[in-house]
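The structure appears below as structure tokens.
All values below were derived from every heavy atom in this structure, side-chain atoms included, with hydrogens, water molecules and symmetry-related copies excluded. Convention: sequence-line order gives letters A, B, ...; per-chain numbering from 1.
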4 protein chains.
Amino acid sequence: MCRWLAYFGDPIRPEELLYQPGRSLIEQSRRGTPGAAVNNGDGYGLGWYGLHDRPGLFRSISPAWGDANLRELSAQIRSPLFLAHVRAATGTPVQQTNCHPFRHGRWLFVHNGYIGEFWRLRRELLLAVDPVLFRGIDGSTDSEVMFYLGLTFGLAEDPVGGLERMAGLIEDVGRRAGVEHPLQMTVGLSDGERLYAVRYASGPVVNTLFVSSSVADIRLLYPEDERFRHFSDEARVVVSEPLIDLPGLWEEIPASSSLVVQDGPDLVTAFRPQPP
Amino acid sequence: MCRWLAYFGDPIRPEELLYQPGRSLIEQSRRGTPGAAVNNGDGYGLGWYGLHDRPGLFRSISPAWGDANLRELSAQIRSPLFLAHVRAATGTPVQQTNCHPFRHGRWLFVHNGYIGEFWRLRRELLLAVDPVLFRGIDGSTDSEVMFYLGLTFGLAEDPVGGLERMAGLIEDVGRRAGVEHPLQMTVGLSDGERLYAVRYASGPVVNTLFVSSSVADIRLLYPEDERFRHFSDEARVVVSEPLIDLPGLWEEIPASSSLVVQDGPDLVTAFRPQPP
Amino acid sequence: MCRWLAYFGDPIRPEELLYQPGRSLIEQSRRGTPGAAVNNGDGYGLGWYGLHDRPGLFRSISPAWGDANLRELSAQIRSPLFLAHVRAATGTPVQQTNCHPFRHGRWLFVHNGYIGEFWRLRRELLLAVDPVLFRGIDGSTDSEVMFYLGLTFGLAEDPVGGLERMAGLIEDVGRRAGVEHPLQMTVGLSDGERLYAVRYASGPVVNTLFVSSSVADIRLLYPEDERFRHFSDEARVVVSEPLIDLPGLWEEIPASSSLVVQDGPDLVTAFRPQPP
Amino acid sequence: MCRWLAYFGDPIRPEELLYQPGRSLIEQSRRGTPGAAVNNGDGYGLGWYGLHDRPGLFRSISPAWGDANLRELSAQIRSPLFLAHVRAATGTPVQQTNCHPFRHGRWLFVHNGYIGEFWRLRRELLLAVDPVLFRGIDGSTDSEVMFYLGLTFGLAEDPVGGLERMAGLIEDVGRRAGVEHPLQMTVGLSDGERLYAVRYASGPVVNTLFVSSSVADIRLLYPEDERFRHFSDEARVVVSEPLIDLPGLWEEIPASSSLVVQDGPDLVTAFRPQPP
């Protein structure tokens, strides 16, 4: 099981969320949560919007907890929108091209979950990727194939719709191949203007996903930390697991729903896979 | 341009060929040959037959010249048949799954060369791989696709024939896509019993490939080195570039031909791509 | 807290102990034991006696659990005496030269524990190392300094005595600097003929160390596994934590004692640090 | 032989100097200059002044030419003062703590050259480092010891004087130990306000060092590249080897001299080692 985090708001240094909270993403990667069988030591990634339309991307196969470069980088940049991911490999190799986020043009994508029996389905799913987009696939994970299927199905114009058609195809291909629950996912996606978060699974068990309930709550996180006084009213953090235990701070994103974080009111809508 | 080396004969420590000759494979990887534009610092691999039918495989993205583990390993094992490769990446990522040799069951495969405009042809070539074999493709190189196409076309039963059909398909797909010279290759292949070496290119420029002319010549390599007195009469070394400059020592394998090194007389035959 | 394992007996493939038991060293490195705060993902090493007097050494900063090369190597060699170690860094960098085992000539050394407030003591301890031996120190860990202090104090002629004088010096330097409990250690040491294991701490808490109670018990470990029928009567496994939970299988090595595993009867003696 | 580059001027993206000139530092690292025996594939580093007084530091053991993270980072930050280094190891291990720049507080340090017979002198030189500063030494290179000797001898208050006393001590220790030419160096040093560059050797052969002659010349470098129109009048680039061949563009810094690049006129003074 991977873990991820996304931030939307006024520019901050990523280290403020990656390292400083009580149970930061990096600390989670090393220690695991109660009950977690394994750690998240199989690589990590940070994607951030900054100087250019095209986001920066930093990925490594080192465990995040011991990586001096991640600590440096996340202290030396400021970004209004970033996504970070720590990986626990589930069958595909530990290599940079399998680390999240995945990037295509302005888009960043992170995923926690899996495609059931991916190795049986992989070839058929790859065939469904647009042949020109196909050239951008560098790694061997199910997650990257999900991203490229979303792109194939119009994610760039209709992000949630693209993801619904991606999910619909995977369920269709999987069920025809006899996979009972083909898809398990929480997904984070951004084009640098909005942050999209989706929580969905084909079966009854759905990976968790949380959003910070309001900026006032973010300030609660760090009552004595002046650095967080500047958090903007629009600021939101989306996380696969809570960073700190404060009742009322985190809202669980409902299963089978998508969240759009943006300037102005956020949107929560039902997420319904669209079969091909 | 990658470089590779293969050994067939009585068991030796791989370090005897990787490190000890005047211009060893490792030294070549760092310094280049005269005229070589770049070094071979983008990973390496060693595959060897030893305790089991399935060969051992050791691959790393470190430059070979500075890798303590390769030096240790190649001094601590003995093998009658091994293949080593140093990589200069030409567009695909530097990652372990892109390092040669590639392995499937008992088979090892190394390649120096390229498929012309591979990124345009990749999808169609992947589709031609047998769907069950397809599951074994871990990396993103043209070389690995060549190996799996060979396996698809019967390499395990008819090694040279499988490679000829692989080459024929690539030329057919490439030319239909407007690639003038789709294939450039020297290939090393083994099942642990025989060593196969092929030199071929679609166009007039063909990468070099050499075989040591006889065991007497191998002894000439190291006239004062007692360790090499034990080289067996059947011993052969195949290399993409000569390891040491001694007139008469290395025979160039002719373009468009295949060599089979085995117990008993070696075979050289014409290599003729078979279109599908 | 690091973990380590040592084997003495008829030659086996290291994978039989690293990967195959129910709670193998590699599995331990990923999951931790109940109560362990962190995993052992900060590099690993395997040292083994084989073709030469000088042992082979394979060390990497990758987490052991995902490292294909360790799996290959440990399946492709056979050794009558090897030491393996998985690291959880406690302040010093994750780099190959900080991975155990450390090697000097024929000697291999692994350590679980620490020198208290090492960074304050490091300079004085380094000064106590013999100036010629000093040239062999490549890394920055307390463990490597312990090994070189042992070598300085005659470990090569009197292994346990050398370690006792090393421990005595560290306690002396530490206590003069105000460190209450300067030393915590389980140590594994070998010259290829004998295996030495020491368990000691300056304070009341002493890291665990176990030895397999007899070869009959090793066979109990794998009652249905024919590969282990060949274990020799002299075979012993020393581990920082038990590999499998079977009552009576593992004997705890008493605190403040040393064990010598050798041909003929093993020896357990008191371990008494010798101040300088 | 290592290579390095330093920039002082209005903020630019480091990629403009690392990747874009005809013979950029990264390209140099891969191809070598005519006559260079080996490449610079043994790690690299980038140190830059940005959001904080303490500079950012990014170091890796990968070859620079293939490292996606360096390319990303150097495109996504802007800095008015940075130092970059590509390493060719000369006996000490390839590890992150041996990569330049070295950092202490606000200071960054890069070096091309060596201390003659360092392994014989290392212990005595380490002993000359201030015991509190000593705790900051993480790696095993001669270069890092040079930096800490400079810090010990007052580099933070008197940069060139500190380096002169460092050089004087090394020559003194070296010559007493029978080393004919103990020191070979070009050094880059900064505190974020000024850039110091020193060229010196104990013997007649002195590594090269160049400074761009004026901002007008920098603009000549990229006559058609609008991105370089914004180069400030104070901008200077210091390099171990010229990045591009344009007569008159680069001034060689004289042997045995130091250059201070700063707001206002730059200074060139004689560099005279001060024996202890």
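- Closest non-hydrogen pair, C/G47 versus C/P101, comes out as N-CG, 3.6 Å.
- In this structure, the ring-ring contact (aromatic ring centres under 6.0 Å, His included) partners of C/F109, at least two apart in sequence or on a different chain, are C/F147.
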Original post:
Is there a side-chain contact (heavy atoms from CB on, under 4.5 Å) between D/L127 and C/L127 once you walk through the steps?
Top reply: CA-CA 8 Å; D/L127 288 188; C/L127 288 188; 2.5 Å; yes
**OP:** Under the side-chain contact (heavy atoms from CB on, under 4.5 Å) rule, what do D/L163 and D/L189 come out as? Steps first, then yes or no, please.
**Re:** CA-CA 10 Å; D/L163 295 176; D/L189 176 74; 4.0 Å; yes
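- Here D/I137 is the residue among D/V94, D/L126, D/I137 with the most heavy-atom pairs under 4.5 Å with chain C.
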Across chain D and chain C, going purely by atom type as modelled, what donor-acceptor pairs are there at a distance under 3.5 Å?
residue, atom, partner, partner atom, Å
C/Q95, OE1, D/T97, OG1, 2.6
C/T97, OG1, D/Q95, OE1, 2.6
C/R122, NH1, D/I137, O, 3.1
C/R123, NH2, D/L127, O, 2.9
C/L127, O, D/R123, NH2, 2.9
C/I137, O, D/R122, NH1, 3.1

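- When every heavy atom of D/G43 is checked against every heavy atom of D/C99, the shortest pair comes out as CA-SG, 4.1 Å.
- Neither the backbone nor the side chain of C/V132 comes within contact range of chain D; no heavy atom of the residue lies under 4.5 Å from a heavy atom of that chain.
- A pairwise comparison of heavy atoms in D/G203 and D/V206 identifies O-CG2, 4.2 Å as the closest pair.
- With a threshold of 4.5 angstrom between heavy atoms, C/P93 approaches chain D through side-chain atoms but not through N, CA, C or O.
- When every heavy atom of C/L121 is checked against every heavy atom of C/G174, the shortest pair comes out as CD1-CA, 3.7 Å.
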